[in-house]
Participant: 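Pasting a structure here, questions to come.
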Amino acid sequence: MNRHQRLGFLSRLKGLRVVVENKKILTGLCMTVGWYIFAIVASYLSPYRPRTIGDVPVNLPPSWEHPLGSDPLGRDIFTQLVHASINSMQIGFTAGIVAFMVATLLGLIAGYHGGILDSVISLVTEIFITIPSLAILLIVAAVIGRIEVITMALLLAVFGWAFPCKVLRSQALILKERGFIKLARLSGANGLEIVIKSILPNMLPFLGAWFAFVVIGAMEAEAGLELIGLGPQTIVSLGLMLNWAMRHVAFTRGLIHWWLPPALVLVWIFVGLFIVSFGLDEIGNPKLKVK
Amino acid sequence: MSKSSKYDPGEPKTMYTMKYLVKRVLLYVLTLFLAITINFIVPRLIPGNPIEARLAALYRLGVHIGGEEFVAKYSKLFALDQPMYVQFFLYLSNLIQGNMGFSILYFPASVMDILMRGLPWTIGLLSVTVIMSFAGGLVLGAFMGWTNREGKVSRWTSFVFTIFMLLSRFPFFLLGMILVYVFTYTLFLFPYGGGVDPQAIPGTIEYIVSILQHATLPALSIVLAQLGGWAIEARGLMVNVLGEDYLFLAKAKGLKERYIFRQYAMKNTTLPILTDLVIALGSIASGAILVEIVFSYPGIGSLLYMSVMQLDYPMIQAVSLLVVFGVTTAALLIDLVYPFLDPRVGEK
C-alpha cells in the first residue's frame, strides 16, 4: 500500500465514521434493523402459527400468554404481528433493491451518456412518475388473484424506480460538469470507469437516502394493496392484518390491541428509514442540519 | 405576476415555447395511453373470454349474477369475438364516449353511472385537503426556515419539526384509523361511516353540517399526514434560498424583512415545490382512496373496496382508469400554468 492508497483508504474509513457518528442514521438503523431482528427471534420463540385458524381460543384479550390477544378466528395476534413484520419488510426491501438497481443504472446512463438514450429514458421515467401506481397495481393484482410474494415485490419495483431514476440522472448531470470528472476524462479514463470510480462514490449519501425512500414507498404501496384486499394472501403481512381488522370492524369496536400494533409497526419502520435518509441527506447537504 | 413585470420593461415574454407545450401534452397522451393499454391487456392475458372467466370466478364463490344476458351484452359491447386490434380500437372509442361497460354487481347499471355517484365525494375531499395541506405546509415550513436563518434554532422549532417528521411518515389511512379510534370510539365527537346523515334533508343547514361532520376526520387524516411533508420540504428549500446572493443584496438595499420574505424568499421557495406537488398528486389520490375505505366514505375508494370484495372487475378497472385520468389531467394543468408563474421554465 503506497501513501496515496493509504490516504484513500483512510478517507473511506472516515466516511464510514461520519455515517456512524451521525445520530440520525444510527437511530434510524437501530429502529428498523432492531425491529427486524426482534421479529425474527420472536417468530422462532412463539409456539403459535400465524395463519392457522383455531390455533388458540378466539377473541382473547391481551395477557401474558398472548401479549396482543387473539382474533375472532383463533389466531395469536402477536405471532401474526412478528411474522407479518418480517414478510412486509422482506417484500419492501426486495422491491426496493430491484427498483433501486434499475434506477441507478438507468439514471447514470441517462445522465452521463446523454443523447438519444437520455431522451428515451427520461420520457419513460416521466411516464412512470405521472402514472398513479396504485391504480395500475390494483388492476394487475385483481386479475392475477392469487399473487405470489416475489411477483408482488417485482410489481412494486416496476412503479418504484422512476422517481429516484429522475433524481439520480440530474445528480449525474451536475457531477458530470464538475472539475474532477473533467480531469478524469482528460486523463483517459473511459465512461464506465468514471461512473464507477468518480461519480458513484460522490453520490453515496444521496443513493442511500433514496434507497430508504424507495423501500418506504414499496412497503406503503404493499400495505395499501393489502388493505384493499389485493395482494399475496398466502402469507400474513402488516397490511393484511389491517385488512382483517377492518373486516371485523375492529376500529369502532375498540379492539385496539388488534389494529394498533400493525399500524404502529408500519409507522415505526417508516420513521426509522426516513430518519436514516434524513441523516444521509445531511451528510450530502450540510446546510439542512437542524442543530 | 403583474408586479414582477413592472421591473422588466421591454418586449412581453412568450410564456411557452412550442417545444415545452408539445412535450408536456405528448407526455400526457402517452401516460394515458399506457394506462389504458395495461387496462386493456391485463384481463385478456387470461385465456378465454375475460368476462366469462370473471363470472366463473364469482360462481365458484357462490355468487350468481347476470349470467347469459350479461355475457352476451358484454361480448357485444367489446366485440370479444373479434381480433385483438379491433377490440382495442373499440375499447378506445368506448372509453372516449365514457362507456366502460357494466358493473357485475349492479348489473343493469353501467359502471359510469355508479362511478358518478361516488365522484363528487372524492373530488370534494381531495381538492379541499390538497389545497389546505399544501398551502399550510408551505407557509409553515418556509416560516420555520426563515426564522432560524441566523443559525439559531429555537427548541420550539425543533419540536415542531420532529412532530412533522413523524406525521409525514404516517400513511394517510393509519392516521385515519387512529383518528377514528380517538374521536369516534372514545370521544364520540364525530359520526363514523358514510358521507352524510341519511335522515338529513338535502338543502337544509343540518344537511351541510352533517356533510362537514362526516368529512372532518377523513380530511383531517389527509391534511395532517401531508402537512409535515410539505413543511419539511419548504423548510429545506427556504434554507437553500437563504444562502443566495440576491437575498443578501435585498438586505443590503435596506428592504424590509417582511417584504424580502414575501417577494424574494417565499416566491423562490414556492416555485420548486409546486413541481413536487405535480409528482405527489398520484400518491395523494391513492392515499385518499385508502382513507375513504377506512372511513367508509361514499367516494371512489369505497366503491373500489366493494368491487374488490365482490370481484366486480369492470368496476375495479373503471376506478383505476378514472384515478389515472384525474391525476394526469391535474398534473397537466399545473404544468401548463407553471410557466406563467416561473417564466424561466418555458424559455428553455
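Below, chain A is the first sequence line, B the second, and so on; all start at residue 1. Everything numeric here is computed off the predicted structure, so don't read it as measured data.
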Participant: Between B:Ile316, B:Leu281, B:Val180, B:Ile38, which has the largest tally of heavy atom pairs under 4.5 Å with chain A?
Facilitator: B:Ile316
Participant: Taking the six-membered ring for Trp and the full ring for Phe, Tyr or His, determine whether the centres of B:Phe143 and B:Trp146 are under 6.0 Å apart.
Facilitator: no
Participant: Which label fits A:Phe128 and A:Phe159: parallel for a plane angle under 30°, tilted from 30 to 60°, or perpendicular past 60°?
Facilitator: tilted
Participant: Is the number of heavy atoms from other residues, nucleotides or ligands within 6.0 Å of CH2 (A:Trp268) greater than 12?
Facilitator: no
Participant: Please say which of A:Ile121, A:Asp118, A:Thr125 ends up in a side-chain contact (heavy atoms from CB on, under 4.5 Å) with A:Arg169.
Facilitator: A:Asp118
Participant: Counting heavy-atom pairs closer than 4.5 Å to chain A, which one of B:Val324, B:Ile289, B:Thr328 comes out on top?
Facilitator: B:Val324
Participant: Atom CZ of residue position B:Phe325 - does it have more than 12 heavy atoms of other residues, nucleotides or ligands inside 6.0 Å?
Facilitator: no
Participant: Counting heavy-atom pairs under 4.5 Å with chain B, which one of A:Ile139, A:Ile127, A:Leu134 comes out on top?
Facilitator: A:Ile139
Participant: Chain A heavy atoms under 4.5 Å from B:Ser168: which part of the residue, side chain, backbone, both or neither?
Facilitator: side chain
Participant: Counting heavy-atom pairs under 4.5 Å with chain A, which one of B:Leu32, B:Leu34, B:Leu321 comes out on top?
Facilitator: B:Leu34
Participant: Find out whether A:Ile77 and A:Trp259 are in side-chain contact, i.e. whether some heavy atom of one side chain is under 4.5 Å from a heavy atom of the other.
Facilitator: no
Participant: Quick one: which of B:Ile293, B:Val327, B:Leu27, B:Ile284 has the most heavy-atom pairs under 4.5 Å with chain A, could you say?
Facilitator: B:Leu27
Participant: Would you mind telling me which of A:Leu260, A:Leu137, A:Leu242 has the largest number of heavy-atom pairs within less than 4.5 Å of chain B?
Facilitator: A:Leu242
Participant: Is any side-chain heavy atom of A:Met219 closer than 4.5 Å to one of A:Ile91?
Facilitator: no
Participant: Side chain from CB out, backbone as N, CA, C, O: work out which of these in B:Val294 comes under 4.5 Å of a heavy atom of chain A, or both, or neither.
Facilitator: both
Participant: Only pairs of heavy atoms separated by less than 4.5 Å count here; which of B:Leu322, B:Leu332, B:Leu290, B:Val319 has the most with chain A?
Facilitator: B:Leu290
Participant: Do any N or O atoms from the side chain of A:Trp35 and from the backbone of A:Thr32 form a donor-acceptor pair under 3.5 angstrom?
Facilitator: no
Participant: What part of B:Ala35 gets within 4.5 angstrom of chain A, counting heavy atoms only: side chain, backbone, both, or neither?
Facilitator: both
Participant: Check whether A:Ile216 gets within reach of chain B through its side chain, its backbone, both or neither, counting any heavy atom under 4.5 Å.
Facilitator: side chain
Participant: Among B:Val308, B:Ile232, B:Val323, which residue has the highest count of heavy-atom pairs closer than 4.5 Å to chain A?
Facilitator: B:Val308
Participant: Do A:Ile136 and B:Val42 touch side chain to side chain, with heavy atoms closer than 4.5 Å?
Facilitator: no
Participant: What residue in A:Ile256, A:Leu123, A:Leu138, A:Leu230 has the most heavy-atom pairs under 4.5 Å with chain B?
Facilitator: A:Ile256
